[in-house]
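Reminder, nothing fancy here: chain letters follow the sequence lines and each chain counts from 1.
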Protein chains: 2
Amino acid sequence: MAPLDPDTARTRLLDAAEDLFYARGIQAVGMDDIRGGSGVSLKRLYSLYPAKEQLVEAYLQRRDVRWRGRLAAFVEQVDDPRERVLAVFDWLGTWFREPGFRGCAWINGHGELGATSDVVARLAREHKLAFADYVAGLVREAGLPEALAPQVFLLAEGAMVAAGILGTDAPAAQAHAAAEVLVSSFAA
Amino acid sequence: MAPLDPDTARTRLLDAAEDLFYARGIQAVGMDDIRGGSGVSLKRLYSLYPAKEQLVEAYLQRRDVRWRGRLAAFVEQVDDPRERVLAVFDWLGTWFREPGFRGCAWINGHGELGATSDVVARLAREHKLAFADYVAGLVREAGLPEALAPQVFLLAEGAMVAAGILGTDAPAAQAHAAAEVLVSSFAA
DNA sequence: CTACGGGGAGAACGACCGTTCTCACATCCG
DNA sequence: CGGATGTGAGAACGGTCGTTCTCCCCGTAG
């Protein structure tokens with residue numbers, strides 16, 4: 001067995017961490033599960049991430065980049081700036097329909113460890129602020145009033161929670177309809 | 001030390017369970033913490049709730065009754081049926097401002113144990129459906145179209161999540177403003 | 001060829017936690 | 001009075017988990 005170079009070991013670890021942490025919750029996954037899921041030895045795991053919390057941090061950071069990247073890629077396919085705001089909810093719908101969807105990783109992580117782990121609490125806050133900022137940018141570019149941004153953000157958060165807990169994708173369409181009313185209430 | 005009668009033992013246990021589970025998360029609280037917080041011996045604890053999951057279940061059930069009771073009591077102080085719908089967000093605001101507020105217990109519990117415990121997943125679902133039903137009743141009694149109900153519900157859920165993670169009560173006012181626009185978009 | 005340094009597999013350790021057991025004592029009923 | 005019952009305090013047990021250690025193999029440099 002050829003020794004694994006650090007980069008691919010890191011990738012495999014984060015892949016396994018993301019699968020397992022997201023599907024089962026962070027506390028329900030042991031380091032040994034990560035080892036089994038990644039094929040990377042425990043020794044190497046601990047040499048790359050000296051404690052579980054650091055693996056969790058890396059997992060959430062990588063997922064944040066990817067999640068916001070996928071959202072932005074989807075939204076940018078839409079031309080009309082006002083439609084872009086609404087496209088956020090179309091993206092949520094496709095996300096909710098993905099097999100294995102279990103709600104928002106940061107909402108879940110915050111519920112699990114927000115009171116215990118400063119790192120998780122901070123990453124959840126940062127992720128939500130970044131998402132809220134992104135929405136605010138879309139609203140601004142659509143020439144809509146700034147007060148609309150947090151409203152759209154709250155609709156999106158509510159849709160994530162409801163879809164995660166109730167196990168249905170209906171909240172995407174419902175939030176979309178609500179956002180449509182909000183946006184068009186400011187139509188020229 | 002006079003032996004405690006079962007009812008007050010149960011009450012003390014649930015009081016301690018609610019304080020601790022809500023503040024720290026369910027998995028972060030041990031049975032011994034419950035014993036210490038309640039003053040009820042471990043033996044009695046296990047005779048009343050033979051497993052931790054049953055104590056968790058009782059905690060969530062009692063909190064559900066109380067939470068929806070407090071909401072209803074607040075909303076019923078408002079006379080105008082249309083204002084009642086918006087009063088939900090005023091109630092959220094006062095809740096968010098309570099010391100020790102840490103988000104919605106069911107959202108947090110679902111994030112923590114939804115993937116692991118069927119009981120917690122079911123109670124979270126039931127609680128959210130009950131809240132959505134309550135909102136739907138308010139919307140119906142205000143003579144507003146049914147489609148508005150899930151939109152108001154999602155705004156409320158989003159406000160809870162955002163307030164819990166970001167640690168501010170601003171989402172209550174923001175969601176209130178959004179709901180106001182939605183409601184008045186159907187004004188006669 | 002050989003000494004060595006890194007890596008893999010997995011045992012081992014120490015702490016924690018849900019649950020049960022021990023034991024001494026108080027209480028109640030004959 | 002005396003024995004059965006139930007209770008509290010806390011020790012004990014069994015399992016899990018994060019983390020570290022042991023041991024052995026291999027590739028390589030001198």
Side-chain angles (χ1 to χ4, degrees), chain A residues 1-60 108-109 112-113 115-120, chain B residues 1-60 109 112-113 115-120 123:
Chain A
M1 184 91 57
L4 236 42
D5 80 285
D7 277 357
T8 65
R10 244 183 268 263
T11 303
R12 288 221 235 160
L13 283 171
L14 290 178
D15 287 348
E18 181 151 9
D19 284 355
L20 294 167
F21 285 154
Y22 180 69
R24 301 189 205 160
I26 293 170
Q27 304 193 73
V29 173
M31 293 288 104
D32 209 59
D33 297 321
I34 302 283
R35 181 195 56 82
S38 65
V40 174
S41 74
L42 263 190
K43 194 174 199 171
R44 210 136 158 74
L45 201 182
Y46 273 93
S47 82
L48 294 170
Y49 300 99
K52 187 182 186 181
E53 188 161 70
Q54 307 194 28
L55 181 62
V56 170
E57 183 173 6
Y59 146 62
L60 287 174
N108 293 345
E112 193 177 349
L113 294 169
T116 299
S117 159
D118 290 343
V119 175
V120 172
Chain B
M1 183 91 59
L4 236 42
D5 80 286
D7 278 356
T8 65
R10 243 184 267 265
T11 302
R12 288 219 236 162
L13 284 170
L14 289 179
D15 288 347
E18 182 151 8
D19 283 354
L20 294 167
F21 285 154
Y22 179 71
R24 302 191 205 158
I26 292 170
Q27 303 192 74
V29 173
M31 291 289 105
D32 209 58
D33 297 321
I34 302 283
R35 181 194 56 82
S38 66
V40 174
S41 74
L42 263 190
K43 194 173 198 174
R44 208 138 161 75
L45 201 181
Y46 273 94
S47 82
L48 293 171
Y49 300 99
K52 186 182 187 181
E53 188 161 70
Q54 307 194 26
L55 181 62
V56 171
E57 184 173 6
Y59 146 60
L60 287 174
E112 193 176 351
L113 293 168
T116 297
S117 159
D118 290 343
V119 174
V120 172
L123 291 173

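Taking atom CG on B:Asp32 and atom P on D:dA9, their separation rounds to 12 Å, with Å as the unit. Taking atom CZ of residue B:Arg44 and atom C1' of nucleotide D:dG8, one finds them 10 Å apart after rounding to whole Å. We find that CG of B:Leu55 is positioned 11 Å from P of C:dG18, with the value rounded to whole Å. For the pair B:Tyr46 OH and D:dC13 C1', the interatomic distance rounds to 13 Å; values are reported in whole Å. Distance CG (A:Leu45) to C1' (D:dG18): 11 Å, rounded to an integer number of Å. If you measure from atom CD of B:Gln54 to atom C1' of C:dT19, you get 13 Å, rounded to the nearest angstrom. One interatomic measurement links the two molecules: OH of B:Tyr49 to P of C:dT19, which rounds to 15 Å at whole-angstrom precision.
The residues A:Arg35 and A:Asp32 are annotated as salt-bridged, a charged nitrogen and a carboxylate oxygen being separated by less than 4.0 angstrom.
Each of A:Ser47 and A:Arg35 lies near DNA chain C, and the nucleotide nearest A:Ser47 is the one positioned closer to the 5' end. Along DNA chain D, the nucleotide closest to A:Leu42 and the one closest to A:Asp33 are compared, and the more 5′ of them pairs with A:Asp33.
Nucleic acid contact class of A:Lys43 (heavy atoms, under 4.0 Å, all strands): base. Contacts of B:Val29 with the nucleic acid, taken as non-hydrogen atoms under 4.0 Å apart, involve only primed sugar atoms and P, OP1 or OP2.
Comparing C:dG8, D:dA9, D:dG18 against the side chain of A:Ser41 picks out C:dG8 as the nearest.
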